[in-house]
Each structure stands twice: as C-alpha cells, then as structure tokens.
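This report concerns only the one structure given below.
A, B, ... follow the sequence lines: proteins, then strands. Residue 1 opens every chain.
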Protein chains: 2
Amino acid sequence: MEEKVRQLECLTQFSALINSTLDPELVREKALEATCALIGCETASLYLVDRKTGELYWETALGDAGRQLKNTVRLPINDRSIAGYVAMSGESLIINDVQNDPRHFKKASTQSSFRTYTMLCAPLKARDSVIGVLQALNKLPSVPRRQSMHDWADFFESDLRLLESLGHQVAIAIENSRLYTDLKQSFYGTVEALSEAVEKKDRYTGGHTQRVVYYSMCIARHMNLSTEEMERIRLAALMHDIGKIGIEDRILKKQNPLDGDERSIMQKHPELGYDIMSRVEGLRDVVAGMRYHHERWDGGGYPSGLAGVEIPLVARIIAVADAFDAMVSNRPYRKGHPASKAYEEITGNAGTQFDPVVVDAFTIAFTAGEFIQSDITD
Amino acid sequence: MEEKVRQLECLTQFSALINSTLDPELVREKALEATCALIGCETASLYLVDRKTGELYWETALGDAGRQLKNTVRLPINDRSIAGYVAMSGESLIINDVQNDPRHFKKASTQSSFRTYTMLCAPLKARDSVIGVLQALNKLPSVPRRQSMHDWADFFESDLRLLESLGHQVAIAIENSRLYTDLKQSFYGTVEALSEAVEKKDRYTGGHTQRVVYYSMCIARHMNLSTEEMERIRLAALMHDIGKIGIEDRILKKQNPLDGDERSIMQKHPELGYDIMSRVEGLRDVVAGMRYHHERWDGGGYPSGLAGVEIPLVARIIAVADAFDAMVSNRPYRKGHPASKAYEEITGNAGTQFDPVVVDAFTIAFTAGEFIQSDITD
C-alpha cells in the first residue's frame with residue numbers, strides 16, 4: 001500500500017511536469033522519462049498517429065537506439081504489430097515474451113541492436129480517439145541480478161494500470177501542445193502569406209520577407225537570446241515591411257529609383273505598419289521591433305532618430321538582415337551585389353549604421369556560411 | 001492509507017479533467033469542482049493576479065454567491081487579506097476560525113450572504129511566480145450532523161497537502177490556457193488589423209470587416225454549430241476581403257461606380273485571397289469559406305458558379321452578412337439603405353441569391369434586433 005501511495009504521488013508530479021510545457025518535443029521527451037521512472041523499465045517508446053496517412057509512426061524513444069529509429073518506423077493500424085493492435089483495439093497489453101510474439105516488429109531491433117524482452121503497451125486516447133501508443137520496455141528487476149543483461153523482470157497488471165493512468169495524462173499534454181502548435185503555425189503562416197502579398201507589389205524580387213526572417217534568426221542564434229526573444233524576432237521580421245500595405249501602388253511599383261518626395265513617402269512604411277498593428281494587444285514588443293528597423297545606431301535613421309540601445313534589439317537585428325538582403329537582391333534597375341561586397345559594407349558600418357554587437361553575431365553567422373542560400377536572388 | 005490512495009487516484013483524474021481543455025473559463029470551473037470533490041468542502045473560490053495592475057481579483061466561485069461577486073472583489077497583494085497574504089508570501093494557510101481572523105475580507109460575505117467558517121488557502125504557482133490563489137471553504141463533516149448549518153469540520157494538514165497538489169495542476173492548466181488564448185488573440189487581432197488596413201483603401205466606409213464578423217456570428221449562433229465551426233466562420237469573415245490586397249489602387253479607390261472591366265477585376269478578390277492564403281496549412285477550411293463568399297445559392301455567383309450545398313456553409317453565411325452590410329453602408333456616390341430595406345432584400349432573395357436556411361437564421365437574428373448597431377454606418 002505504501003508503494004502504491006509513492007507511485008501515485010510520482011504520477012501526480014509527472015503529470016504536472018509533462019503538462020508544464022506546450023512544446024511538443026519537450027512533452028514527448030518528458031513523457032518517456034516519466035514512463036521509465038514510474039514503471040521502472042529500461043526504456044520507453046512512443047508512437048503517434050499520423051493525421052494525414054492514419055499510420056502509426058515511431059515518434060521518439062529514449063537513448064541512441066531511439067534516435068536512430070526516429071522517422072524510420074511506420075506501422076499500419078491493424079493486428080500485425082503490437083502497437084498497431086493496441087491502436088486499433090484501444091486495449092492495452094502486457095507481453096512478457098516479446099521475442100516470441102508473432103506481432104513483434106523485428107525491424108526495429110535489427111536496425112538499432114536494441115532487444116525488447118518484456119513490454120507494456122497502452123493506447124493514448126484524447127477526445128475518444130486514439131492519437132498514439134505508449135510502451136514501457138524491459139522491466140528492471142527490483143533486486144539487481146548478477147546474471148545476463150537479458151534477465152528482465154515480468155510486468156504485472158498493476159504496472160499496466162499505472163502506465164494507463166500516465167498515458168491518460170500524456171495524451172492530454174500531447175493534444176494541448178498540438179493545438180497550440182497548430183494555432184501558432186496558422187498565425188505565422190498567415191502573417192507570412194500576407195507579407196508576401198504586400199511584397200509582390202514592391203520592387204523587391206520575391207522572397208524578401210522569408211529571407212529577412214531567416215537571416216534575422218541566424219544572427220539571433222549567435223546572441224544567446226531566450227526562446228521568447230527569438231519568437232519576437234521571428235514575428236517582427238515577418239511583419240517588418242507590412243506597413244507597405246499603406247503605400248500607393250505608383251511608388252511601390254515604380255521601376256526606376258525613387259525621387260526625394262517618393263522616398264520620403266516610402267520611408268513612412270515602418271510608422272504605417274506600427275499604426276496598423278500597435279492596437280493588437282499581445283504584440284506590443286513585436287511591433288516596436290518592426291517600427292524601428294530603419295533606425296541607425298548613430299541616430300541618423302528614421303522614423304524617430306533613436307540611437308544605440310534606445311533602438312529595440314529586435315529592430316537592430318532586423319536592420320542588419322534587411323540591409324544585407326537589400327544589397328544582394330536584384331532590382332528592376334540594377335543587379336544585386338555579391339554577398340562578399342554586402343558583408344564588407346555591413347562590417348564597415350558597425351558602430352555607425354549598425355549595432356557592433358549585432359554585426360559581431362552577423363559576422364559569425366556569415367563566415368559559417370549561413371547567409372549563402374541558393375535562392376538568395378530568386 | 002486506503003483513503004490516501006483513493007484521494008490520490010481522484011487527484012490524478014481531476015488533473016486530467018482540468019487539463020483536458022484550453023478554454024480558460026472551463027479550466028477555472030473544473031478546478032473549483034475538483035477542489036470541492038477532492039477536499040470535501042461546501043464551496044471553493046479562485047483569485048487570479050491581474051497582470052496589468054498586480055492586484056488579485058476574485059475570478060470565480062461555485063454557485064450563485066460566487067457569480068454575484070465576480071469582478072467586484074479586488075485585493076492588493078499584502079498581509080491585509082487572507083488571499084493577499086498567501087499570494088505575497090507564497091505560503092499556504094489553514095484557518096479554522098475565519099470569522100475571527102483579522103485578515104478576513106468581510107465585504108464578500110456582506111454582498112453575498114455567504115459565510116466562511118473554515119478555510120484552506122493555497123498559492124497557484126507557475127514558472128516560479130504566483131498567478132493566483134485557490135481556496136477551499138467550509139469543510140463538510142464526514143458524518144452529517146443534525147445541528148446548525150454552521151457546524152463545519154476543521155481542515156487538517158493532510159487536506160492542505162492535497163489542495164497544494166491540486167493547486168499545482170490548476171496553475172499549469174490556467175497558464176496553458178492563457179498562453180493559448182493570448183496567441184489566439186494575437187492571431188485574430190493581426191488578421192483584423194491587416195484586413196482593416198486593406199479596407200481603408202476601399203470605397204467602403206470603415207469597419208466593414210468587423211461588422212461582417214459580427215453579423216456572421218449573429219447568424220451562426222442561430223444555427224446550432226459547433227465551437228470549431230464558429231471559430232472557422234469568425235476567421236473566414238475576418239479574412240473575407242483580404243484578397244483586395246492584390247487589387248490596384250485605381251480600382252479600389254475609385255470614387256464613382258465601377259465600369260464592367262473594373263468590376264470584373266474587382267471580382268477577382270475572393271480568388272486572389274484564396275491564392276494568398278491557401279498554402280497556410282491549418283486554414284484550408286477557413287480559406288474555402290473566404291473563397292466562395294460571392295457565390296449564389298442558384299449558381300449565378302463567382303468565382304466558380306457553385307450552387308446550393310456545394311458552397312461551403314461558412315461562405316453561405318458570410319454572403320448574407322456581407323450583402324447586408326454592403327446595402328446599409330454609405331458609398332462615396334450613394335447613401336446607405338435603411339436596415340429594413342436591406343432586410344426585405346435579403347429575405348426576398350432567399351432560395352435565389354441566398355441559402356434559405358441561412359436566411360431563416362438571419363431573420364431570427366434581425367427580428368431580435370441583433371443587426372441594429374449604433375455604429376452601422378460610421
């Protein structure tokens with residue numbers, strides 16, 4: 001009974017741990033760690049149902065063997081594999097002689113040199129449908145034995161009940177992280193699609209927004225920023241030119257260089273973007289990044305003439321990414337510069353036009369080849 | 001010990017229940033129900049930290065008394081109230097003589113005629129900060145007593161440990177639902193802001209998108225649709241005119257009625273919107289709704305000449321909402337019609353231009369006064 005209390009307390013803690021993130025990869029990793037700790041087994045694995053094909057795929061398992069197998073194992077949902085049977089029937093199984101079970105999928109063992117002897121297998125159910133299968137593999141004996149590695153203990157009904165309870169928590173956590181991730185992808189995808197629609201009116205060659213996002217993330221990765229900061233940079237880069245929605249066609253689409261008046265209208269785009277987006281509650285920091293991406297480190301930029309660290313970091317990063325892409329891209333009236341020339345231009349303007357710390361990160365990314373994309377002037 | 005096992009099993013089940021939704025209101029409701037069932041108390045209440053003011057507000061409590069108090073009680077985080085103390089210190093409390101505790105906030109009792117005698121109070125912590133406070137009020141005696149209503153049992157340390165465990169799960173569920181809701185608001189807010197930026201170029205008077213969203217939701221509410229369907233309608237209505245981003249300024253901004261050629265260019269906007277948005281993975285159904293909002297029930301619309309139920313329901317609903325707003329809105333070259341005339345026009349075209357079932361729902365909404373907004377032609 002005391003053992004039971006201990007296990008249930010563990011289960012409660014693991015439930016909190018698994019639910020404490022909406023990052024799908026972390027959820028899955030924590031689910032497997034919790035399985036091993038709770039059930040006391042050598043390893044654990046997780047199959048998920050592919051929503052497009054209806055097949056099970058081996059999403060993840062702990063350790064090197066698991067990583068090797070990722071994305072290689074796919075199983076139909078039928079009674080010809082253990083996981084397939086559990087997903088099909090919704091029943092969980094105890095199998096204490098896996099090697100002699102006709103449903104055992106041997107390809108996994110062959111590929112990874114990992115052998116399964118004993119197994120628990122429980123379905124993951126969310127909203128009445130099976131979204132995956134959770135397995136506990138090779139139960140550790142409670143007293144270590146001095147014999148061969150193969151001497152695993154048997155699983156019992158009580159182990160299975162515990163795995164089912166954990167599976168219930170895991171299924172919910174996976175489903176929540178999926179909902180969150182799907183929503184995020186719809187959001188980012190929408191902003192990207194609309195930015196590109198605006199961009200199509202512009203004299204830039206296509207793909208500018210996508211490249212500025214990519215370059216900004218390359219720079220940001222060398223600056224030790226938090227996940228939240230990285231997300232903010234991604235969104236601000238996606239939105240950086242969206243204010244061009246408010247610029248007249250005759251200026252956006254002009255095939256020749258802009259004259260003075262036209263240029264000053266064009267230079268309103270960061271402020272226009274700010275006017276459009278600033279009322280969106282959760283995006284205040286993002287929008288600030290977007291607003292100031294044409295400020296200069298020495299104070300000579302627009303719209304506000306901010307200088308140095310007055311300019312939000314997000315904007316200082318986008319400024320470098322944006323300038324790089326502007327230099328290497330073709331225009332109707334001139335060919336883009338080679339990347340090496342753009343590189344010299346940016347490093348040469350560290351401390352005047354650009355934040356020198358951002359330029360340092362840019363330099364690391366550039367010399368590592370991260371700025372050379374095949375589609376750079378597509 | 002058996003009681004302990006029963007409680008822990010309950011706790012696990014409640015954890016799954018609380019986490020099984022990302023709707024903040026449902027999470028809070030389930031959290032309170034779980035508290036009452038797990039602890040065995042008369043009622044429970046939940047304070048949350050207002051992220052803007054840093055105060056605690058009485059978010060919710062079970063029963064009528066709780067509903068009466070919603071949004072009326074606000075407490076600073078300090079030692080002058082029980083909840084304030086718990087939020088400040090991060091410590092949980094057992095108080096078995098609440099009426100004589102100097103920190104007891106009596107306004108709540110006065111307003112609701114509910115009296116608290118015994119109380120457990122635990123902080124809700126997520127990512128190391130206190131996001132709220134969970135209270136269990138008036139413990140039910142294990143054996144019903146034949147005395148006065150006030151004869152509540154005392155809370156013990158073991159009750160508090162259980163509430164703390166539940167509080168841990170509740171805090172995570174609240175935090176996840178907040179993250180999801182914040183992301184959704186950012187997404188919808190962004191689409192709305194961009195739609196309105198496009199709209200500003202158009203000859204419509206401002207606010208068209210917002211009104212079409214509002215009217216579409218009015219109609220949809222009378223059609224018994226699922227939450228998912230309602231969300232899809234909201235998004236599709238927000239996006240319905242976004243394809244105008246691809247229409248030239250000279251047509252969008254023309255102050256006089258469009259000629260034949262101009263009209264056929266303008267009629268490309270649903271298809272243009274589709275071209276822009278259709279590659280966004282999670283929005284396929286939404287985008288279909290947007291694409292066909294100018295189809296007619298009798299097959300005479302554009303872009304594809306679909307008829308009847310071939311037209312996605314979302315599009316059939318937006319068609320009515322859009323037509324109503326177009327009729328009542330002012331144009332540079334004509335004043336908008338009165339709502340009664342637009343109503344007759346729509347009901348008169350049920351079965352030809354519009355889906356008769358949608359028109360039925362429109363009629364219910366219109367006669368209930370839902371289509372009369374003060375800002376209808378602002």
Q: Kindly indicate whether the side chain of B:Val280, heavy atoms from C-beta on, has any atom under 4.5 Å from the side chain of A:Gln185.
A: no

Q: Please state whether the side chain, the backbone, both or neither of A:Glu2 comes within less than 4.5 Å of a heavy atom of chain B.
A: both

Q: Write out all pairs satisfying salt bridge (Lys or Arg N to Asp or Glu O under 4.0 Å) with one or both partners inside residues 178-191 of chain B, taking only residues at least two apart or from two chains.
A: B:Arg51-B:Asp182, B:Lys184-B:Glu231

Q: Please examine the side chains of B:Thr190 and A:Thr190, heavy atoms only from C-beta on, and report whether any two atoms are closer than 4.5 Å.
A: no

Q. Any Lys/Arg nitrogen of A:Glu9 or B:Lys4 sitting under 4.0 Å from an Asp/Glu carboxylate oxygen of the other?
A. yes

Q. Under 3.5 Å, is there a donor-acceptor pair between the side chain of B:Asp249 and the main chain of A:Glu248?
A. no

Q: Tell me, please, which residues at least two apart from A:Asp285 pass side-chain contact (heavy atoms from CB on, under 4.5 Å).
A: A:Arg232

Q: Please flag which part of A:Leu11 lies under 4.5 Å from any non-hydrogen atom of chain B: side chain, backbone, both or neither.
A: side chain

Q: Heavy-atom distances under 4.5 Å only: say whether A:Glu192 touches chain B with side chain, backbone, both or neither.
A: both

Q: Would you please name every residue forming a side-chain contact (heavy atoms from CB on, under 4.5 Å) with A:Ser264, sequence neighbours left out?
A: none

Q | Segment of A:Val286 engaging chain B (4.5 angstrom heavy-atom cut-off) | A | neither

Q) Is any residue of residues 164-173 of chain B within less than 4.5 Å of chain A by heavy atoms, and which ones? A) B:His168, B:Gln169, B:Ile172

